[in-house]
Amino acid sequence: MKFYLPLTAIIALVLVLGFKFLQQEKIPVETTMQRVEQQLKAMAQANTDVTRYPRSTNKDGSLATVTSDDWTSGFFPGSLWYMYDYTKDRNWEKMARNWTAGLAKEQFNKTTHDLGFMLYCSFGNGYRLTRDPAYRDILIEGAKSLMSRFDERTGAIRSWDFNKEVWQFPVIIDNMMNLEMLYWASKETGDPIYAAVATQHAITTLNNHFRPDFSSYHVIDYDTVSGKARIKQTHQGYADASAWARGQAWGLYGFTVAYRETKDERFLKHAQGIAEFFINHKNMPSDKVPYWDFDAPSRPDLPRDASAAAIAASGLLELSGYSGAKGEAYKSAATQMLSTLATPAYLAKPKSNNNFVLMHCTGHMPNNSEVDVPLNYADYYFIEGMLRLERMNKGLKPTYN
Ligand code: GLY
């Protein structure tokens, strides 16, 4: 007996360690990053106009590009910055700088809430890696422009300016992603106002956007006089009461950042609730890449959204570090998502897929636009997730600004 107990304990330990080792080794980070490198280089070489940002694939199969004022303009430059981060090769820095420069004018853009996506993924990563003071100034001006959309009465930053005949003050769940730049601006300038606005926006979103099961409405329209929510609906999801997969991913990631920056337990619990909704949903396929909406009626060719998986995976990796014992499950789900995305089912062959990295994303299903296509933000968060995983497997903190 004396002999068997320690032996059993040793066998159990070997099995647990072996399982952990296998889990960590499941993703071939290096070879996947080689593919990423090939695709991004080919994209930059094939597109010499650095003011036309690669976004997706058109219906006729051609490359879809956008100008700097599109909400996705910062993701391709941001991906180039991540390659510089990963390789430390100055050629990537040069490429990233070239593709970032044309976004500078957006610092003055007060017509959109997407400045975090546009400026923080590009200039934000650039500043983290280079400390270029010009980038810092652009980010602070961008944070001021974003703040101009905050309204005291609603306690939120206005998302969209269109559809004024229906909406008074629309706020979408995606807007949680633009708060990170405001938290950064407070740390950088010492002025707490940016962080205060970000935190108020997060509290308002927590109070109004979510149902008890942690699924989220896409759009909340606020009454500009009373400040109260007056319409709860969807724009890009299947139905007003459904759980649009990318919206869930934006919320998961956004509340994780809000917790990182405030240490407010409400945000941590909320991020964990969204994470568990996402990971354990009954309609989540076994490979952990969700269909475009968790409530979309089942059919054999129901499109997936690889972008939702990539965003959620990156967010889950950070959240795992704040979640004690629960963290292992989050890391394991994120690892599974990234490893599925790194298989030929999602990872494009060299020089295919218009040189984007991932296939099978869904942009705006109700509009029948960008269905089962590559999307630049899927690539950006996939690369971010891979770099986070690589660092975490070395015992380091995941990359964030
Ligand atoms: N932020 C817009 C989208 O996720 O499609």
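Both ligands and their constituent atoms are indexed starting at 1 by order of listing. Worth saying up front: this structure is predicted, and the values here are computed from it rather than measured.
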Pairs in or reaching into residues 232-249: which pass salt bridge (charged side-chain N to carboxylate O under 4.0 Å, His left out), with residues at least two apart or in two chains?
R246-D305

Considering the options V197, T204, D151, which one meets the side-chain contact (heavy atoms from CB on, under 4.5 Å) requirement together with I157?
V197

Give every pair made of an N or O atom of ligand 1 and a protein N or O atom lying under 3.5 Å apart, one pair per line with both atom names and the distance to 0.1 Å, or write 'none'.
{"from": "ligand 1", "atom 1": "1 (N)", "to": "D174", "atom 2": "OD2", "distance (Å)": "2.7"}
{"from": "ligand 1", "atom 1": "4 (O)", "to": "D174", "atom 2": "OD2", "distance (Å)": "3.3"}
{"from": "ligand 1", "atom 1": "4 (O)", "to": "R246", "atom 2": "NE", "distance (Å)": "2.8"}
{"from": "ligand 1", "atom 1": "4 (O)", "to": "R246", "atom 2": "NH2", "distance (Å)": "3.4"}
{"from": "ligand 1", "atom 1": "4 (O)", "to": "W250", "atom 2": "NE1", "distance (Å)": "2.9"}
{"from": "ligand 1", "atom 1": "5 (O)", "to": "Q236", "atom 2": "NE2", "distance (Å)": "2.7"}
{"from": "ligand 1", "atom 1": "5 (O)", "to": "R246", "atom 2": "NH2", "distance (Å)": "2.6"}

Do NZ/NE/NH1/NH2 and the carboxylate oxygens of E328 and K331 come within less than 4.0 Å?
no

Using the rule ring-ring contact (aromatic ring centres under 6.0 Å, His included), only one of W244, F278, F255, F117 pairs with W250; which is it?
F117

All N/O donor-acceptor pairs, side-chain side in residues 219-226, below 3.5 Å, sequence neighbours left out:
{"from": "D221", "atom 1": "OD1", "to": "Q168", "atom 2": "N", "distance (Å)": "2.9"}
{"from": "D221", "atom 1": "OD1", "to": "F169", "atom 2": "N", "distance (Å)": "2.6"}
{"from": "D221", "atom 1": "OD2", "to": "Q168", "atom 2": "N", "distance (Å)": "3.0"}
{"from": "D221", "atom 1": "OD2", "to": "R230", "atom 2": "NH1", "distance (Å)": "2.4"}
{"from": "Y222", "atom 1": "OH", "to": "N208", "atom 2": "ND2", "distance (Å)": "3.4"}
{"from": "D223", "atom 1": "OD1", "to": "V225", "atom 2": "N", "distance (Å)": "2.7"}
{"from": "D223", "atom 1": "OD1", "to": "S226", "atom 2": "N", "distance (Å)": "3.1"}
{"from": "T224", "atom 1": "OG1", "to": "Q168", "atom 2": "OE1", "distance (Å)": "3.2"}
{"from": "S226", "atom 1": "OG", "to": "K228", "atom 2": "N", "distance (Å)": "3.1"}

Which residue pairs pass the salt bridge (charged side-chain N to carboxylate O under 4.0 Å, His left out) test when at least one of the two sits in residues 196-211, sequence neighbours left out?
none

